[in-house]
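Just below is one structure, and these are the notes that go with it.
Proteins get letters first, then strands, A, B, ... in listed order; numbering begins at 1 in each. Fair warning: this is a prediction, and the values are worked out from it, not measured in the lab.
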2 protein chains.
Amino acid sequence: MTHFVRCNILTALFRIQGRSLQVLLRAAVGRSWQLPFANLEEGRSLEACALSALPDPGECALYLEQLYTYGDPDRSSQGQLISIVYFALLAADALLGEPPDRARFAWFAIEDLPPLIDDHADIVSYALRRLRYKLEYTAVGFELLPEMFTLSELQRTYEIVLGEQLDKRNFRRRILEAGIIEPTGQMRSGTGRPARLYRYRPDAIAEVKTRRLFP
Amino acid sequence: MTHFVRCNILTALFRIQGRSLQVLLRAAVGRSWQLPFANLEEGRSLEACALSALPDPGECALYLEQLYTYGDPDRSSQGQLISIVYFALLAADALLGEPPDRARFAWFAIEDLPPLIDDHADIVSYALRRLRYKLEYTAVGFELLPEMFTLSELQRTYEIVLGEQLDKRNFRRRILEAGIIEPTGQMRSGTGRPARLYRYRPDAIAEVKTRRLFP
DNA sequence: CCAAAAGTGTTCTATGTACACCCATGC
DNA sequence: GCATGGGTGTACATAGAACACTTTTGG
């Protein structure tokens, strides 16, 4: 009764590097690229398969959530294919290890993507919309930072992802009032006055009440 | 390289009836019930398959969106199965026609569900969370009403879904200011003073800006 | 002593919330 | 004329947005 279909998993992994937001891609045929993919393995969860699409992240925990399932009959050039797409975030200081299948992987700034196969450009753009949206009303931004970070780094992360300048005083007040980060007691020196280092409090309530359409 | 997996589509359809929110279920073996399901048919979109899980809705357009894809190895009693789940809303005055496979379908109030197979109870409860959440910040509530409706009916719909009393004056002010409905000019008489009938303006911007975590 | 980044409060505006009475109709 | 649901405005509290200067360090 239930029947069998062609199906794979795609994972869109993002990170911040310098002043840009990057996505990890895998070389495809010719000059085109694609989202990292994996097969569904018998007895493994979807999340586990989504991780196996990526080079080994080693110790670095990465944030992972399901994005969408694509299945239009004409979305793949090789016949009908269901793709369950995951969305992932990597800390800025994390390094990836061995890639699966010894394939070639590379990071691309999201404003400068190479040609992508099939509907992968649409998928990246949807993943990006989801990232921006989630960043606005949850605390997911910390997943893009090292374990310890300064308030300026955090603000820069938000500005890069949202593509928008934020007010320093308001930003600091809001995030400190929200109680989702705490000072570590350590400082970081660089050029200029040293900055306090903070860490994310994973026990904190990350969601913000939405402004409702109706009272 | 890409391989084949067992996969189906489930559709969780909701409607308002009287003072309760109902979900449509399909009889399963024994005394248990399940979400309406369909196979993925070659050459059809996921949405089309999701609709084919339901009795024929005839003229009534129904709201449909993808909910989530479930695929844990132990979620089905009959071996690993991917289920792409859709979430649907039906207008209160709509009638459903012939069910697929001549199967038995019935509406159940969401606070009084029968035993469900596998993880279908979890899926219903997630769909319900999504419905409440969406109702708060988008105009999806109109999908549960006939084409023309009074402001009191609209408010009652919101109250039933959200499980919460709303203030009449604030509700009316907000929804009229939002400009997402318009008076039809017609009135409905019943017991008490006749009420203006409104219709949804599909061109209206349905989303509300969320209250952001950061400024 | 100067460059560079960190840190810090207040005022004004907009939005949300709480709340009670008159109106039009059918019976 | 009364029961029933429809319709309306205001005052107060809270949240958001705009804004500029002082502090601490390294070179």
Find the distance Arg196(A):CZ to dT24(D):C1' and express it as a whole number of Å.
12 Å
Using the ring of each side chain (for Trp, its six-membered ring), is Phe87(A) parallel, tilted or perpendicular to Phe14(A), with breaks at 30° and 60°?
tilted
Ser83(A)/Asn8(A) under side-chain hydrogen bond (donor to acceptor under 3.5 Å, both in side chains): CA gap, chis, key distance, verdict
CA-CA 5 Å; Ser83(A) 291; Asn8(A) 68 5; 2.8 Å; yes
Between dT15(C) atom C1' and Tyr137(B) atom OH, what is the distance in whole Å?
21 Å
Worked check of side-chain hydrogen bond (donor to acceptor under 3.5 Å, both in side chains) between Gln22(A) and Arg15(A)
CA-CA 5 Å; Gln22(A) 299 180 326; Arg15(A) 73 166 181 187; 2.7 Å; yes
Which heavy atom of Thr150(B) sits nearest to which heavy atom of Ala195(B), and what is that distance?
CG2-CB, 3.6 Å
In this structure, how many angstroms lie between the C1' atom of dG26(D) and the CE atom of Met187(A), rounded?
14 Å
Aromatic ring proximity, centroids under 6.0 angstrom, Phe142(A) and Tyr63(A)
no
Of all the choices, dT25(C), dG7(D), dA5(C), which nucleotide is nearest to the side chain of Pro194(B) once you look at every atom?
dT25(C)
Whole-Å distance between dG16(D) P and Glu136(A) CD?
13 Å
On DNA chain C, more 5' by nearest nucleotide between Leu151(A) and Gly192(A) is Gly192(A)
Criterion side chain to side chain donor-acceptor pair (under 3.5 Å) against Arg199(B), the qualifying member of Glu147(B), Glu182(B), Gln186(B):
Glu182(B)
Just the rounded figure in Å: distance from C1' of dC21(D) to CZ of Arg193(A).
13 Å
Quick one: Arg188(B) CZ to dG5(D) C1', roughly how many Å, whole number?
13 Å
For DNA chain D, which residues of residues 155-176 of chain A approach it to below 4.0 angstrom with any heavy atom?
Asp167(A), Arg169(A), Asn170(A), Arg173(A), Arg174(A)
Does dG6(D) have OP1 or OP2 under 4.0 Å away from a side-chain N or O of Ser152(B)?
yes
